[in-house]
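Convention: sequence-line order gives letters A, B, ...; per-chain numbering from 1.
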There are 2 protein chains.
Amino acid sequence: MKTSIPKATIARLPLYLRCLSVLAPAQMTCSSDELAANAGVNSAQVRKDLSYLDVSGVRGVGYSVIELRHQLSTALGLNQGYAVAIVGAGNLGTALGNYGGFAAWGFTVAGVFDIDETKVGTEVGGHLVRSLVDLEQIVRQRNIAIGIVATPATAAQQVADRFIAAGLRSILNFAPTVLQVPDNVSVRRVDLSTELQILTFHLQQDAG
Amino acid sequence: MKTSIPKATIARLPLYLRCLSVLAPAQMTCSSDELAANAGVNSAQVRKDLSYLDVSGVRGVGYSVIELRHQLSTALGLNQGYAVAIVGAGNLGTALGNYGGFAAWGFTVAGVFDIDETKVGTEVGGHLVRSLVDLEQIVRQRNIAIGIVATPATAAQQVADRFIAAGLRSILNFAPTVLQVPDNVSVRRVDLSTELQILTFHLQQDAG
DNA sequence: CGTTGTGAAGGTCTTCACAGCC
DNA sequence: GGCTGTGAAGACCTTCACAACG
């Protein structure tokens with residue numbers, strides 16, 4: 001971990017972590033070739049990526065699965081149990097609220113919010129839906145670190161602005177819009193139609 | 001469009017298209033600076049990206065919004081009205097089935113499938129849920145071009161294999177797993193926990 | 001032997017900077 | 001004046017290839 005970790009590497013670390021969880025529980029070590037095959041990347045890439053972490057592989061053997069898992073989790077900050085807020089209790093927000101994967105990686109859904117007062121008080125995936133009015137207060141009170149925007153595009157920027165005003169620095173945006181945020185805020189965008197359009201580009205190419 | 005378009009450029013084209021749709025309807029031209037600000041990229045990037053398309057900007061003025069929209073759509077193959085199939089009528093599949101954005105970009109949901117026979121025959125976002133048994137038949141019959149995997153991780157590879165067996169060459173995978181596919185099949189992965197983990201990496205950095 | 005760790009080579013992508021044009 | 005289009009520079013990323021080592 002001498003120099004800082006390249007972005008491209010960071011984006012692959014969760015992938016490696018996932019690949020480890022697929023291995024047989026009895027498997028003690030794992031080679032870069034095996035990880036590479038599972039993750040769909042080149043094995044030199046795996047070794048170089050891992051060289052940024054404090055893991056030491058054993059030549060002729062591979063990496064210790066336990067050590068690797070621990071180092072990946074540590075590098076990604078997964079040992080800290082971050083709290084997330086979901087804004088938007090529509091179809092997508094509901095799917096997110098019901099998603100079991102949060103807890104598996106140490107995330108806690110500490111609040112689900114909607115602007116529609118008729119939804120407030122109902123439950124979504126075991127989480128009480130709260131009024132959007134209380135967003136800032138609860139973000140601060142529950143020490144929420146990550147905000148998830150699952151609203152229509154028209155509301156997304158406003159929600160992001162409120163997240164930021166409440167002190168949040170990490171946003172995951174599912175709305176089909178580009179959020180304008182200050183430099184010190186990280187945004188990741190997850191966008192269905194962008195992905196579909198990239199696929200159609202390739203479809204068209206193949207068709208010639 | 002002399003040489004082939006770089007991957008990184010392709011991934012930004014949908015973004016530019018989206019930015020155009022945000023402009024006032026009366027706006028006839030748009031500069032690379034304006035697009036760049038909306039899309040959150042450098043303006044030289046925008047110009048270079050557009051130089052791979054058959055679009056001609058006017059110096060001192062900018063690009064014709066209409067021409068640009070047309071060229072972006074053409075490059076992405078959005079004029080062809082591709083049909084998509086969604087497998088998995090759980091929370092996520094339901095959110096997708098209800099998503100109005102498909103039609104807006106020329107996509108048709110031509111089938112929603114689930115393995116749970118008690119769901120078969122019900123409706124999801126106006127789409128009849130069909131038995132997974134009929135997947136291959138309907139993919140062929142309706143000329144489905146894109147398969148969306150919205151199943152649990154355990155079923156994802158099997159579904160992908162069946163998509164491929166039915167002749168499909170483009171898959172959008174929402175399951176938290178890396179699909180193993182032949183070289184001639186394109187897969188895009190959309191993965192909530194990967195995105196969250198990338199955010200926590202940065203959170204941790206800032207705190208460190 | 002098999003596998004790691006890494007310098008060096010080779011790509012790809014981004015940004016700069018400015019000539020060219022309306 | 002304002003903006004496009006692009007060569008060149010530079011940053012970043014991936015892959016190769018092989019020495020080092022248990």
Side-chain angles (χ1 to χ4, degrees), chain A residues 1-16 19-20 23 27-69 71-72 75 178 183 198 201-202 205, chain B residues 1-16 19-20 23 27-69 71-72 75 183 198 201-202:
Chain A
M1 222 188 302
K2 303 297 179 291
T3 69
S4 76
I5 307 183
K7 275 184 180 177
T9 292
I10 294 160
R12 280 186 297 267
L13 298 183
L15 196 55
Y16 300 149
C19 291
L20 287 182
L23 301 178
Q27 187 168 346
M28 302 304 290
T29 65
C30 178
S31 70
S32 60
D33 260 336
E34 188 174 7
L35 263 180
N38 275 279
V41 302
N42 182 295
S43 70
Q45 183 81 268
V46 172
R47 293 196 295 278
K48 186 140 285 191
D49 285 343
L50 297 185
S51 76
Y52 293 106
L53 273 51
D54 281 331
V55 320
S56 47
V58 180
R59 288 165 205 244
V61 177
Y63 300 91
S64 152
V65 172
I66 290 175
E67 185 194 348
L68 197 45
R69 194 177 344 235
Q71 289 299 333
L72 287 167
V178 179
D183 285 350
I198 294 172
F201 174 88
H202 291 116
Q205 292 296 102
Chain B
M1 220 187 305
K2 302 298 179 290
T3 68
S4 75
I5 307 183
K7 275 184 181 176
T9 292
I10 294 160
R12 280 186 297 267
L13 299 184
L15 196 54
Y16 300 149
C19 291
L20 287 182
L23 301 178
Q27 187 167 346
M28 303 305 289
T29 64
C30 179
S31 69
S32 60
D33 261 337
E34 189 175 6
L35 264 180
N38 275 281
V41 302
N42 182 295
S43 71
Q45 182 81 268
V46 172
R47 294 196 296 278
K48 187 140 284 188
D49 284 344
L50 297 185
S51 76
Y52 293 105
L53 274 50
D54 282 331
V55 17
S56 48
V58 180
R59 289 164 204 244
V61 177
Y63 301 91
S64 153
V65 172
I66 290 175
E67 185 194 348
L68 197 46
R69 197 182 337 240
Q71 289 299 333
L72 286 168
D183 284 351
I198 294 172
F201 173 87
H202 290 117

- Message: For a quick test of reading the model, state the closest non-hydrogen atom pair linking B:Gln71 to B:Asp54 and the distance between them.
- Response: CD-O, 3.4 Å
- Item | Whichever of A:Asp49 and B:Leu50 has its nearest DNA chain D nucleotide further upstream toward 5' | B:Leu50
Pairwise N/O distances under 3.5 Å, protein to nucleotides 1-4 of chain D:
| from | atom 1 | to | atom 2 | distance (Å) |
| --- | --- | --- | --- | --- |
| D:dG2 | N2 | B:Gly60 | N | 3.4 |
| D:dC3 | O4' | B:Gly60 | N | 3.0 |
| D:dC3 | O2 | B:Gly60 | N | 3.4 |
| D:dT4 | OP1 | B:Ser32 | N | 2.8 |
| D:dT4 | OP2 | B:Ser32 | OG | 2.5 |
| D:dT4 | O2 | B:Arg59 | NH1 | 2.9 |

What are the atom names and distances for every N/O pair under 3.5 Å that joins the protein to nucleotides 7-9 of chain C?
| from | atom 1 | to | atom 2 | distance (Å) |
| --- | --- | --- | --- | --- |
| C:dG7 | O6 | A:Lys48 | NZ | 3.3 |
| C:dA8 | N6 | A:Lys48 | NZ | 3.4 |

- Query: Taking all atoms of both residues into account, what is the closest heavy-atom pair of B:Ile198 and A:Ala11, and its distance?
  - Reply: CD1-CA, 3.8 Å
- Item | Atom-to-atom span, CG of A:Leu68 to C1' of C:dT4 - whole angstrom | 13 Å
- Message: So, taking the atom named CG in B:Leu20 and the one named CG in B:Leu68, what distance separates them when rounded to the nearest 0.5 Å?
- Response: 5.0 Å
List the atom pairs, with distances to 0.1 Å, where a side-chain N or O of residues 31-39 of chain A and a protein N or O form a donor-acceptor pair under 3.5 Å, not counting sequence neighbours.
| from | atom 1 | to | atom 2 | distance (Å) |
| --- | --- | --- | --- | --- |
| A:Ser31 | OG | A:Asp33 | N | 3.4 |
| A:Ser31 | OG | A:Glu34 | N | 3.2 |
| A:Ser32 | OG | A:Arg47 | NH1 | 3.0 |
| A:Asp33 | OD1 | A:Ser43 | OG | 3.4 |
| A:Glu34 | OE1 | A:Gln27 | NE2 | 2.9 |
| A:Glu34 | OE2 | A:Gln27 | NE2 | 3.0 |
| A:Asn38 | ND2 | A:Glu34 | O | 3.0 |

- Separation of A:Asn42 atom CG from D:dC13 atom C1', in whole Å? 12 Å
- Task: Report which part of the nucleic acid A:Ala8 touches: base, sugar-phosphate, or nothing (heavy-atom distance under 4.0 Å, all strands).
- Result: sugar-phosphate
What donor-acceptor contacts under 3.5 angstrom involve side-chain atoms of residues 58-67 of chain A, with partners at least two apart or in another chain?
| from | atom 1 | to | atom 2 | distance (Å) |
| --- | --- | --- | --- | --- |
| A:Ser64 | OG | A:Ile66 | N | 3.4 |
| A:Ser64 | OG | A:Glu67 | N | 3.1 |
| A:Glu67 | OE2 | A:Ser56 | N | 3.3 |

- Pairwise salt bridge (charged side-chain N to carboxylate O under 4.0 Å, His left out) hits with a residue in residues 6-16 of chain A, at least two apart: A:Arg12-A:Asp49
- Rounded to whole Å, the CD1-P distance (B:Ile10 to C:dT12) equals 13 Å
- Figure out the CD1/P separation between A:Ile5 and D:dC12, and round it to whole Å. 15 Å
- Kindly compute the distance separating NZ (A:Lys48) from CD (A:Gln45), expressed to the nearest 0.5 Å. 9.0 Å
- Message: How many whole angstroms separate atom CD of B:Gln45 from atom P of D:dT6?
- Response: 15 Å
- Message: Expressed as a whole number of angstroms, how long is the span from A:Glu34:CD to C:dG2:P?
- Response: 16 Å
- Take the C1' atoms of the five end pairs on each side of the helix from C:dC1-D:dG22 to C:dC22-D:dG1, get both axes, and report the angle to 10 degrees. 10°
- Message: Minimum heavy-atom separation for B:Ile5 and B:Leu53, please, with both atom names.
- Response: CD1-CD1, 4.2 Å
- Query: With side chains defined as the heavy atoms from C-beta onward, is the minimum distance between A:Ile10 and A:Tyr52 less than 4.5 Å?
  - Reply: no
